[in-house]
Structures are given as C-alpha cells and as structure tokens.
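Before any comments, here is the structure.
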Amino acid sequence: MHNFIDEFWPSTVDGLATGSIYALIALGYTMVYGVLRLINFAHSEIFMIGTMAVIGTLNVLGTTTLLSGVGLIGVVLILCIVAAVASGGSAMLLELVAYRPLRRRGASRLAALISAIGASIFLQQLFARLVIPKAFNLPNEKGALPVSKHFVQRSDWVSIGNFIVSNDKLILILGAVLMMVVLDLFVNRTRLGRGIRATAQDPETAVLMGINIDRIVMATFAIGGAMAGVAAALYMLRFEETAYDVGFLLGIKAFTAAVLGGIGNLRGALVGGLALGLVEMYGSSIFGSQWQNVVAFSVLILVLMFRPTGILGESLQKARA
C-alpha cells in the first residue's frame, strides 16, 4: 500500500495512457457487436496492421532527428491518418471475405465466431511468415519489429505536484479522447450514424425503413478499424516497436474493456478502457508489475459474474426493450 501512495500519480497517468489505447481498440469490438452481435476476434490483427503501417510510414518519412512540440504532433497526425486508412481498409476487406458470405447464407453466429478466429490466426501467420520477412528484411519473423530510428524526443510538458507528464503520454491521452468524442458525435448526429444506431437497435425495422444493411455493416467495420488504426499510431508513439502478435494480448484486454463498460455501448468502451488501464496500473503498484495481467483478467471474471451488462450496459438493454 505504501508503493501505491508513492506511485499514485505516475500510475494514474500510465493507467490513463494505457486505458486510452484499450478504449480505442474496444470501440471496434463494441461497434461490430452492437450491429451484428458478433465478437470480431480478428480485430486485434486489424490493430497489428495499423502498427505495421506506422513502421512503413516512418521508414518512408526517414526522420533523422528526434521530434517534439509541433513537429511531433504533425508526424503523429500523419501516422494516425495512414494507420486509420490501413486498418479501416483491412477491416472492410475482412468483412467482405470472412463475414459477408456467412451472413448471406444465413449462417449461425457460431460459424461467424469460428470464421473470426480463423481470420485472426491467418493474418498473424501471413504477417509473421511473409509480410514482415519480405517487407522489412527480418530473418526472424518472431522477433520484435522496432522503428528504424527513434523519432520521439520525450520531454516534460505538464507537472502534477512533483510528478511530470511527458509529451508522448499527454498526446496519447488527449488524442484518444478527442477521437472518441468525434466518434460519439458522428454516431449520434450524422445520417450514417443514425443508420448504425437503427441497425443496432432493430435490424428488421431498419431494412423496412430503407436502410442498406450491407452498407451499414461495411461502415461499421471501417470506422471500428480506423479507431484501431489510430490506437496503433498512438501505441507506436509510446513504445516504438511492434510484432506480428502485438495485438493478441491488447485485443483480449480491449475486449475486457468493452465488456467492463457494457459491450455495444460506445461511451461504455471509453469508460471501460480507462477504468481497466487504471485498475491495471494501481494493481501493479500494490502487487507488483508481474501481476498486471492477472489483475486485468480478474476484472473480466468479476464483471461477468456480478454485472454482465457492464458499467453502462444497462441503459443500452433498456433502450432495446
């Protein structure tokens, strides 16, 4: 408990930074589930593709100096756009190949779930054995793939008491929150967003009202994939390395965040992601860093046992009643 008090502010900032990544990835899980009642287990590989796009973009940009201030924000913005396009496009292709044929044949949700797991394994092995060795000239496909040159000049931007918040963490947190606010406004105030909400609430009635379900599903995958791409860019801002299986553990934790917040609820993904990040870091300061993953999955078990609808899931269920 003494460590928890001493490390409260560092743990809080680290928890918010980590939780922001979880929340952005969780948006993809919660959007697809809201529309199709499907857990897209290949979403973690969509995140991985975003990190690969970031590596490739940094190699093309060829940054020779460490960046900070406006220059760093500009590069991060470029990385977010490229990663969002790469991940969003990959998610759309995934929907066309792995899920749409099953939907048109009226396949069960179990078949779609198996297809999601198969797509996840396929994408992992494709990048491990073909894309990474060929595109990045790495003989060992199982090793970590770092950026060719570090591009972040880490500096102190904000002080909280005696604790200093570095620029990379501040950009990560603010960028993630901004993207989630934009997404929330898009879903609630645009025509396409209303179509997504209508399809999530009652797909049969949505069809009768003239909504194109295939278009809505494609848009849902694209938006969720784009959020994973932004998460990938912000992840690379902080850690500056990736691997073919980088999305595996992050994907499971993001799914935990979606369940914690109330899967199918966009604001729940934000709350669940930030809460999970904080709980992880607080747990690490109390029990030690080796217990971080144990704490995260203990949260998942407890939520499923005592509040399976999640923190904000109850309002969603009432809206569908």
Side-chain angles (χ1 to χ4, degrees), residues 21 24-25 28-29 32 38-63 75-76 78-103 107 111-151 217-218 220-255:
I21 296 174
L24 283 174
I25 303 173
Y29 285 108
V32 171
L38 166 70
I39 303 300
N40 178 22
F41 282 115
H43 188 62
S44 55
E45 278 57 58
I46 299 301
F47 168 82
M48 177 268 292
I49 291 172
T51 64
M52 297 295 171
V54 170
I55 291 281
T57 303
L58 287 172
N59 290 341
V60 171
L61 292 176
T63 54
V75 169
V76 170
I78 293 172
L79 296 179
C80 286
I81 293 172
V82 172
V85 171
S87 292
S90 300
M92 293 170 67
L93 182 61
L94 176 68
E95 195 275 327
L96 282 172
V97 174
Y99 302 129
R100 183 168 296 188
L102 296 176
R103 286 194 295 110
L113 182 63
I114 294 172
S115 179
I117 296 172
S120 173
I121 296 172
F122 169 78
L123 289 173
Q124 275 195 23
Q125 295 305 310
L126 176 67
F127 275 79
R129 303 185 183 280
L130 182 62
V131 176
I132 292 177
K134 298 296 183 182
F136 300 102
N137 298 317
L138 282 184
N140 180 13
E141 70 276 8
K142 294 186 178 181
L145 180 62
V147 297
S148 57
K149 292 181 180 179
H150 294 292
F151 68 101
V217 171
M218 180 66 75
T220 300
F221 272 86
I223 295 169
M227 292 298 106
V230 174
L234 296 176
Y235 174 88
M236 293 299 291
L237 168 68
R238 184 176 181 189
F239 297 103
E240 294 188 300
E241 71 173 26
T242 183
Y244 77 96
D245 59 350
V246 67
F248 176 73
L249 188 57
L250 279 172
I252 296 176
K253 290 184 178 181
F255 172 68

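Treat the numbers as computed from the prediction; the structure is a model and nothing was measured.
- Residues Glu45 and Phe127 have side chains not in contact (no heavy-atom distance under 4.5 Å, counting atoms from C-beta outward).
- Of all non-hydrogen atoms in Gln124 and Asp245, the two that sit nearest each other are OE1-CB, 4.2 Å.
- Every residue two or more places apart in sequence or in another chain that forms a side-chain contact (heavy atoms from CB on, under 4.5 Å) with Thr57 is listed here: Leu61, Ile78, Leu79, Val82.
- For the pair Leu102 and Ala111, the tightest heavy-atom approach, listed with the atom from each and the gap, is CD1-O, 3.8 Å.
- Residues Leu96 and Met218 have side chains in contact (heavy-atom distance under 4.5 Å, counting atoms from C-beta outward).
- In this structure, Thr220 OG1 and Leu38 CG are separated by 11.5 Å, a value rounded to the nearest 0.5 Å.
- Annotation: the span from Phe41 atom CZ to Ile114 atom CD1 amounts to 12.0 Å, rounded to 0.5 Å.
- Taken to the nearest 0.5 Å, the CG atom of Leu126 stands 9.5 Å off from the CD1 atom of Ile132.
- Shown here are the side-chain contact (heavy atoms from CB on, under 4.5 Å) partners of Ser44, two or more places apart in sequence or in another chain: Tyr29, Ser120.
- Residues Ser87 and Ile49 share a closest heavy-atom pair of OG-C, 4.3 Å.
- Distance check, rounded to the nearest 0.5 Å: CD1 of Ile55 to CD of Glu240 gives 9.0 Å.
- Residues passing the side-chain contact (heavy atoms from CB on, under 4.5 Å) test with Ile121, sequence neighbours excluded: Ile117, Gln125.
- To the nearest 0.5 Å, atom CE of residue Met52 and atom OG1 of residue Thr242 are 4.5 Å apart.
- Among residues two or more places apart in sequence or in another chain, the side-chain contact (heavy atoms from CB on, under 4.5 Å) test is passed with Val217 by Val35, Leu36, Glu95, Arg103, Ile213, Phe221.
- Looking at His43, its side chain does come within 3.5 Å of a backbone N or O of Ile25 through a donor-acceptor pair.
- Closest non-hydrogen pair, Ala228 versus Ile46, comes out as CB-CG2, 4.3 Å.
- By the side-chain hydrogen bond (donor to acceptor under 3.5 Å, both in side chains) test, Tyr99 pairs with Asn40, sequence neighbours left out.
- With rounding to the nearest 0.5 angstrom, the CD1 atom of Ile21 is 11.0 Å from the CE atom of Met236.
- Between Ala98 and Ala119, the shortest heavy-atom contact is CB-CB, 4.5 Å.
- Legend: residues meeting ring-ring contact (aromatic ring centres under 6.0 Å, His included) with Phe122, ordered by chain and number and at least two apart, are absent.
- Phe248 CZ: 12 or fewer foreign heavy atoms inside a 6.0 Å radius.
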One pair to check against side chain to side chain contact (heavy atoms under 4.5 Å, CB included): Val75 and Leu237. What are the steps and the verdict?
CA-CA 10 Å; Val75 169; Leu237 168 68; over 6 Å; no
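- The two atoms that bring Gly50 and Ala83 nearest to each other are O-CB, 3.8 Å, heavy atoms only.
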